[in-house]
Amino acid sequence: MSGTKTSRIPEFYKRSIEERLKIVADFAGLTEDEVKLLKNFGNLDPKIADSMIENVIGAMSYPLAVAVNFLINGKDYLVPMVIEEASVVAAASNAARVMRRNGGIRSITTGSLMIGQIQVVGLSDPWYKRMLVLEHKDEILSKANEVDPALVKAGGGARDVEARVVEHSTGPMLIVHLIVDVKDAMGANAVNTMAEKVSPLIERITGGRVLLRIISNLADKRLVRSYVKVYKEDIGGEEVVDGIVSAWAFAAADPYRAATHNKGIMNGVIAVALATAQDHRAIEAGAHAYAARNGRYEPLSRWEKDSDGNLVGSLEMPMAVGTIGGATKVHPVAKVALKILGVKSANELAEVMGAVGLAQNFAALRALATEGIQRGHMRLHARNLAIMAGASGDLVDKVVEIMVSEGKINFAYAQELVEKLSKEGVADKK
Ligand SMILES: CC(C)(COP(=O)([O-])OP(=O)([O-])OC[C@H]1O[C@@H](n2cnc3c(N)ncnc32)[C@H](O)[C@@H]1OP(=O)([O-])[O-])[C@@H](O)C(=O)NCCC(=O)NCCSC(=O)C[C@@](C)(O)CC(=O)[O-]
Ligand SMILES: NC(=O)C1=CN([C@@H]2O[C@H](COP(=O)(O)OP(=O)(O)OC[C@H]3O[C@@H](n4cnc5c(N)ncnc54)[C@H](OP(=O)(O)O)[C@@H]3O)[C@@H](O)[C@H]2O)C=CC1
């Protein structure tokens, strides 16, 4: 295959990891060292990797950290976080530190209901057929619950049927929602299987044609609500409280700001999702769809000043996570991360993730409303730059110290310092 530049590779998936890697190495001109790097699967058994997704050629490690100081619903947590961005874990830990009073952050969930969508088309009378579907609710639920005895045994299962008529230029659609309690699973596979199972019955009831049968990631029946009081004296006084409330108001008024405000929340949420091998794309999709539920994109959290001048914050968002099923029980590090967290259910995991998102949001807004994000962020980013410039051991701290003290935090200066200090013999010792 060497020298060919076609990406058309029939039955690539049927080859071994070794063979696939050789094809890629030839295609991309990888060096021996680069190939060796990809051969290192780290703490993920190649066989497990090869069973998780298709066309596997290697594995990619990310830093796994723990955020400290979290007290949620009166329980202490060390929170595993996987992320590539400096300062996020420090920010979460710092925020959690000031949120420990009065039992810490409160977090509740609305349960574990997920929505399966069944799209019915070809109807001249969708509103009348909607009535027929609702009339046959019990039959539909019973059919749905035939497919997943383990979920039903675990106390879950199809719970309700909803139906809406959606008008579109291509013609009206009758959208049936199967509401399923998925308990400790994220629920996608379970819900999708049930939606497919009941579709022939829905066609018989309506005389229409079923097209899509799929979970909705706008999991607005599976919300986490996290809220906290932060005392003004713990964060620099009422002026800082006002600054944070004003920063929130900016996001509430402007979708351009709301997008970054919510990105700050997702810094925390997704870092925990990655550490516990959740479907983070589903979580992101649900979060941003929920942020737009009122017709314009809004912040997922709210910050206010209470009657004593303290800061009170609240977050409400979908949190479709699982402690059973998916990769949570397959990826060995995700299993350890769940053990570190010590959560007993998907609902408790959602409570933690909501709390971390709220704390992360607070940390960012407080920095933005006071010294600016760069002081804290760049000080930690300076370490990355020093290491990228080739520093190690004590040289890293020396380079960081000089860059921060001079306020010159950039890669070129890091390189200059590494070269200069190395010549001066600053120890490179570990
Ligand atoms: C970075 C800090 C925490 C420093 O803040 P500081 O006040 O200089 O920290 P400190 O030295 O006083 O330490 C206070 C606590 O912070 C933690 N902490 C302190 N240093 C470390 C460290 N090296 N490693 C781990 N944890 C650290 C640690 O918990 C420590 O407690 P202690 O251990 O002393 O009992 C603060 O400046 C901060 O929170 N900044 C905000 C940074 C941030 O939000 N980063 C997120 C990425 S920016 C982003 O993408 C989101 C954004 C901003 O765009 C969202 C938006 O726009 O809304
Ligand atoms: N977001 C999306 O649109 C889609 C996502 N996916 C992916 O599918 C992944 C996992 O799907 P998911 O359905 O959560 O997982 P799984 O299908 O892997 O596991 C859930 C199954 O575990 C069994 N189970 C046993 N005990 C319990 C319990 N206490 N609570 C819940 N279930 C229990 C159930 O029955 P049984 O053992 O009989 O199966 C249940 O169906 C998602 O993380 C996602 O990555 C897939 C399709 C679409």
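These numbers come from a predicted model, not from an experiment. Quick note: numbers below take in every heavy atom, side chains included, and nothing from hydrogens, waters or symmetry partners. Count residues from 1 along the sequence. Whatever order the structure lists ligands and atoms in, that order sets their numbers, starting from 1.
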Problem set entry | Candidate pair Tyr413 and Leu417, rule side chain to side chain contact (heavy atoms under 4.5 Å, CB included), full reasoning | CA-CA 6 Å; Tyr413 192 44; Leu417 287 171; 3.6 Å; yes
Exercise. Could you go step by step and tell me if Ile17 and Phe41 meet the side chain to side chain contact (heavy atoms under 4.5 Å, CB included) rule?
Worked result: CA-CA 11 Å; Ile17 293 177; Phe41 277 72; 4.0 Å; yes
Exercise. Taking it one step at a time, do Leu311 and Lys305 satisfy side chain to side chain contact (heavy atoms under 4.5 Å, CB included)?
Worked result: CA-CA 5 Å; Leu311 179 71; Lys305 182 161 76 169; over 6 Å; no
For this session: Evaluate side chain to side chain contact (heavy atoms under 4.5 Å, CB included) for Leu358 paired with Trp303, printing each intermediate quantity in order.
Result: CA-CA 10 Å; Leu358 185 62; Trp303 292 95; 3.5 Å; yes
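Using a 4.0 Å cutoff on heavy atoms, Val89 does not count as a contact of ligand 1. Residue contacts with ligand 2: Gly187 is included, with a non-hydrogen atom under 4.0 Å away.
Side chain of Arg20 to main chain of Tyr13: a donor-acceptor pair is present (N/O by atom type, distance under 3.5 Å, no hydrogens or angles). Side-chain N or O atoms of Asn361 include none that pairs as donor or acceptor with a backbone N or O of Gly357 at under 3.5 Å. One N or O on the side chain of Arg130 and one on the backbone of Ala163 form a donor-acceptor pair closer than 3.5 Å. Ser246 contributes no side-chain N or O that, together with a main-chain N or O of Asp242, makes up a donor-acceptor pair within less than 3.5 Å. Put simply, the side chain of Asp184 never gets that close to the backbone of Ser345: no donor and acceptor are under 3.5 Å apart. Between the side chain of Asn347 and the main chain of Thr109, no donor-acceptor pair closer than 3.5 Å is present. Of the possible donor and acceptor atoms, one in the side chain of Ser93 sits under 3.5 Å from a partner among the backbone N and O of Val68. Between the side chain of Asn294 and the main chain of Arg296, no donor-acceptor pair closer than 3.5 Å is present. Side-chain N or O atoms of His177 include none that pairs as donor or acceptor with a backbone N or O of Ile179 at under 3.5 Å. Without hydrogens or angle criteria, Asp254 side chain to Tyr256 main chain gives a donor-acceptor distance under 3.5 Å.
Close N/O approach between Lys263 and ligand 1 is found [any backbone or side-chain N/O within under 3.5 Å]. The shortest N or O to N or O distance between Asn189 and ligand 2 is under 3.5 Å. Close N/O approach between Ala154 and ligand 2 is not found [any backbone or side-chain N/O within under 3.5 Å]. Taking distance alone, with nitrogen or oxygen atoms compared against 3.5 Å, Gly326 approaches ligand 2 more closely than that limit. For ligand 2, the polar-atom distance check finds an N/O of Asp279 within less than 3.5 Å of one of the ligand's N/O atoms.
For atom 44 (O) of ligand 1, the candidate residues are Ala364, Ser87, Ser301, Gly264; the nearest heavy-atom contact is made by Ala364. Nearest to atom 25 (C) of ligand 1 by heavy-atom distance, out of Gly268, Ala86, Ala90, Ala92, is Ala90. Distances from atom 55 (C) of ligand 1 to the heavy atoms of Asn361, Asn267, Thr260, Val66 put Thr260 nearest. Of the listed options Arg281, Met186, Lys329, His280, Met186 places a heavy atom closest to atom 42 (C) of ligand 2. Closest to atom 31 (C) of ligand 2 by heavy atom, among Ile324, Asp181, Val182, is Val182. Of the listed residues (Met266, Arg257, Glu371, Gln360), the one carrying the non-hydrogen atom nearest atom 57 (O) of ligand 1 is Arg257.
Looking at atom 40 (N) of ligand 1, its nearest protein heavy atom turns out to be Ala367 CB, 3.9 Å. Arg97 NE, 4.3 Å is the protein heavy atom nearest to atom 30 (C) of ligand 1. Of the protein's heavy atoms, Ser93 CB, 4.4 Å lies nearest to atom 28 (C) of ligand 1. Asn94 ND2, 3.7 Å is the protein heavy atom nearest to atom 5 (O) of ligand 1. With respect to atom 23 (N) of ligand 1, the closest heavy atom belonging to the protein is Leu380 CD2, 3.3 Å. Among protein heavy atoms, atom 47 (C) of ligand 1 sits closest to Glu85 OE2, 3.3 Å. Arg379 NH2, 4.1 Å is the protein heavy atom nearest to atom 4 (C) of ligand 1. The single protein non-hydrogen atom nearest to atom 6 (P) of ligand 1 is Arg375 NH2, 3.9 Å, given as residue, atom name and distance.
In this pair, His288 and Tyr297 present their aromatic rings parallel. The plane angle is below 30°, not in the 30 to 60° band.
Counting the atoms of ligand 2 from 1 in the order shown, those under 4.0 Å from a heavy atom of Ala190 are 13 (O), 41 (O). Using a 4.0 Å cut-off to heavy atoms of Asn192, the atoms of ligand 2 that qualify are 47 (C), 48 (C). The contact set between ligand 2 and Ala188, taken as ligand atoms under 4.0 Å from a residue heavy atom, comprises 2 (C), 4 (C), 5 (C), 6 (N), 8 (O), 11 (O), 12 (P), 13 (O), 14 (O), 46 (C), 47 (C), 48 (C). With ligand atoms numbered from 1 in the order given, ligand 2 contributes 35 (O), 36 (P), 37 (O), 38 (O) to contacts under 4.0 Å with heavy atoms of Ala150. With ligand atoms numbered from 1 in the order given, ligand 2 contributes 15 (O), 16 (P), 18 (O), 19 (O) to contacts under 4.0 Å with heavy atoms of Gly325. Under a 4.0 Å criterion applied to the non-hydrogen atoms of Asn69, ligand 1 contributes the atoms 29 (O). Annotation for ligand 1: atoms under 4.0 Å from non-hydrogen atoms of Leu368 are 56 (C), 57 (O), 58 (O). Annotation for ligand 2: atoms under 4.0 Å from non-hydrogen atoms of Ala282 are 1 (N).
Between Ile105 and Leu71, every side-chain heavy-atom pair lies at or beyond the 4.5 Å cut-off.
In this structure, atom 21 (C) of ligand 2 is not in close contact with the protein, since no protein heavy atom lies within 4.0 Å of it. There is no protein heavy atom closer than 4.0 angstrom to atom 12 (O) of ligand 1. By the definition of a contact as any protein heavy atom under 4.0 Å away, atom 16 (O) of ligand 1 is in contact. For atom 33 (O) of ligand 1, no protein non-hydrogen atom is found at a distance below 4.0 Å.
Separating the CE atom in Met266 from the CE atom in Met317 is a distance of 4.0 Å, to the nearest 0.5 Å. Rounded to the nearest 0.5 angstrom, Ser107 OG and Ile72 CD1 are separated by 6.5 Å. Of the inter-residue distances, the one linking Met194 atom CE with Asn189 atom CG reads 11.5 Å to the nearest 0.5 angstrom.
With a 4.0 Å heavy-atom cut-off, ligand 2 is reached by the backbone of Ala185 and by its side chain too. When non-hydrogen atoms are compared, ligand 2 lies under 4.0 Å from the side chain of Asn217 (C-beta onward) but not from its backbone. Only the side chain of Ile215 comes within 4.0 Å of ligand 2, counting heavy atoms alone; its backbone N, CA, C and O stay farther away. Under 4.0 Å from ligand 2, the heavy atoms of Asp148 that appear belong solely to its side chain.
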